[in-house]
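A short write-up of the structure that comes next.
Residue numbers run from 1 in the order of the sequence given.
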Amino acid sequence: MVGKEKFKEINRLLNQKLEEKKVLIAVHRGCGCGNIIENTIPAYRAALQMHADMFECDLISSTDRVVYAFHDGYEMRLLRKRRNIKTYTSKEIDAFKYKNIIEEPAEYGVEKFEDILQSFQSGELFNIDRAWDILPEVISLLEKYPQAIHQAIIKTPVKKKYLDYLEECKMKVMYMPIAYNLEEIKTVLAYENINIVGVEMIAKNSEEELFQDCNIQWVKEQGLFCWANAITLGGSQKYDLFGGLDDDMAIKESPKKAWGKLIDKGINVMQTDWPGIMSDFIEKYI
């Protein structure tokens with residue numbers, strides 16, 4: 001079981017999935033391709049149809065505090081806008097239309113987080129990224145949907161202001177810190193009332209602390225899952241998120257060499273942009 005005993009009921013869906021499948025597939029921004037745009041309901045549905053166990057949604061808010069699914073910084077690529085999306089009102093954002101993979105209008109726009117919550121009420125797991133500066137707004141929306149407490153996993157960097165908020169927050173949503181070392185994980189574990197269920201472990205190379213098998217085992221002994229990013233954000237080493245064991249290696253060379261190595265090291269959740277291929281591999285490998 002992952003998570004603290006006192007939060008067992010909240011975490012039951014996650015624990016059922018882990019018990020059943022052993023290794024879960026999380027999909028980066030959903031599956032966006034063709035006319036299906038990342039961080040949208042169709043992208044999340046596509047990921048689930050490709051046998052994902054969880055999808056990741058990036059959240060932002062408008063100037064008038066309406067929460068949307070969008071990874072800021074990609075406004076030019078996806079919307080042909082030069083300003084950061086967080087500088088627009090909700091009325092302005094609602095008028096935007098996405099550009100698809102061949103730069104044609106996709107004929108739909110940026111989606112509100114509440115619409116996503118309304119669309120996934122059947123036990124789908126999802127993790128929430130990039131929302132650490134709008135935690136009160138996100139929690140307020142989650143509270144409107146009773147099933148969401150069993151579905152949502154929020155992640156943040158390990159910073160006191162985020163941890164203090166989650167410690168005092170009445171809704172004990174599942175939580176996953178983005179950690180670069182054991183000290184950060186120990187910092188989170190010191191909070192009695194944070195519902196920590198796992199750790200997103202960042203290791204820029206194979207020499208780093210969280211890449212070591214003994215430390216992965218230690219994290220699991222604390223009753224936490226270990227999440228590794230197999231996603232590839234670029235061609236240089238600066239984009240390595242877990243010792244170079246990534247999607248590029250799996251596709252170009254061998255799934256066993258990358259994803260198999262992650263499983264062998266004890267990783268419980270792997271984030272990918274290739275869920276269909278990863279699912280087929282895991283089924284055969286495990």
Looking only at side-chain N and O atoms, does Asp94 offer a donor or acceptor that is under 3.5 Å from a partner on Tyr68? yes
Run the salt bridge (charged side-chain N to carboxylate O under 4.0 Å, His left out) check on Asp129 and Arg29 step by step: do they pass? CA-CA 9 Å; Asp129 194 12; Arg29 305 178 196 169; over 6 Å; no
On the 0 to 90° scale, with breaks at 30° and 60°, tag the Tyr98-Phe70 ring pair as parallel, tilted or perpendicular. parallel
If you measure from CZ on Phe225 to CD1 on Ile196, what distance do you get to the nearest 0.5 Å? 9.0 Å
Looking only at the side chains, is there a donor atom on one of Lys4 and Asn11 sitting less than 3.5 Å from an acceptor on the other? no
Aromatic ring pairing Tyr285/Phe281, orientation class (parallel under 30°, perpendicular over 60°, tilted between): parallel
What pair of heavy atoms forms the shortest contact from Tyr74 to His71, and how long is it? CE1-ND1, 3.1 Å
Salt bridge flag under 4.0 Å for residues Asp213 and Lys265: yes
Is the NZ or CZ atom of Lys252 both under 6.0 Å from the centre of the six-membered ring of Trp274 and within 45° of that ring's axis? no
Verdict with reasoning, Lys81 to Glu92, per salt bridge (charged side-chain N to carboxylate O under 4.0 Å, His left out): CA-CA 12 Å; Lys81 303 293 181 185; Glu92 291 172 314; over 6 Å; no
Can you tell me if Thr89 and Asp64 form a side-chain donor-acceptor pair at under 3.5 Å? no
Charged N to carboxylate O below 4.0 Å: is that the case for Lys170 and Glu143? no
Kindly indicate, with the supporting measurements, whether the criterion salt bridge (charged side-chain N to carboxylate O under 4.0 Å, His left out) is fulfilled by Lys17 and Asp53. CA-CA 8 Å; Lys17 297 262 189 181; Asp53 302 294; 5.2 Å; no
Salt bridge (Lys or Arg N to Asp or Glu O under 4.0 Å) partners of Lys144, counting only residues at least two apart: Glu114
With rounding to the nearest 0.5 Å, note down the distance linking OG1 in Thr40 to CD1 in Ile116. 8.0 Å
Closest approach of Ile149 to Met171 (non-hydrogen atoms, all atoms of both residues): CB-CE, 3.6 Å
In short, Ala203 meets Glu208 closest at the heavy-atom pair CA-OE1, 3.5 Å
With distance as the sole test, does His150 use its side chain to make a donor-acceptor pair with the main-chain N or O of Ile10 at under 3.5 Å? yes
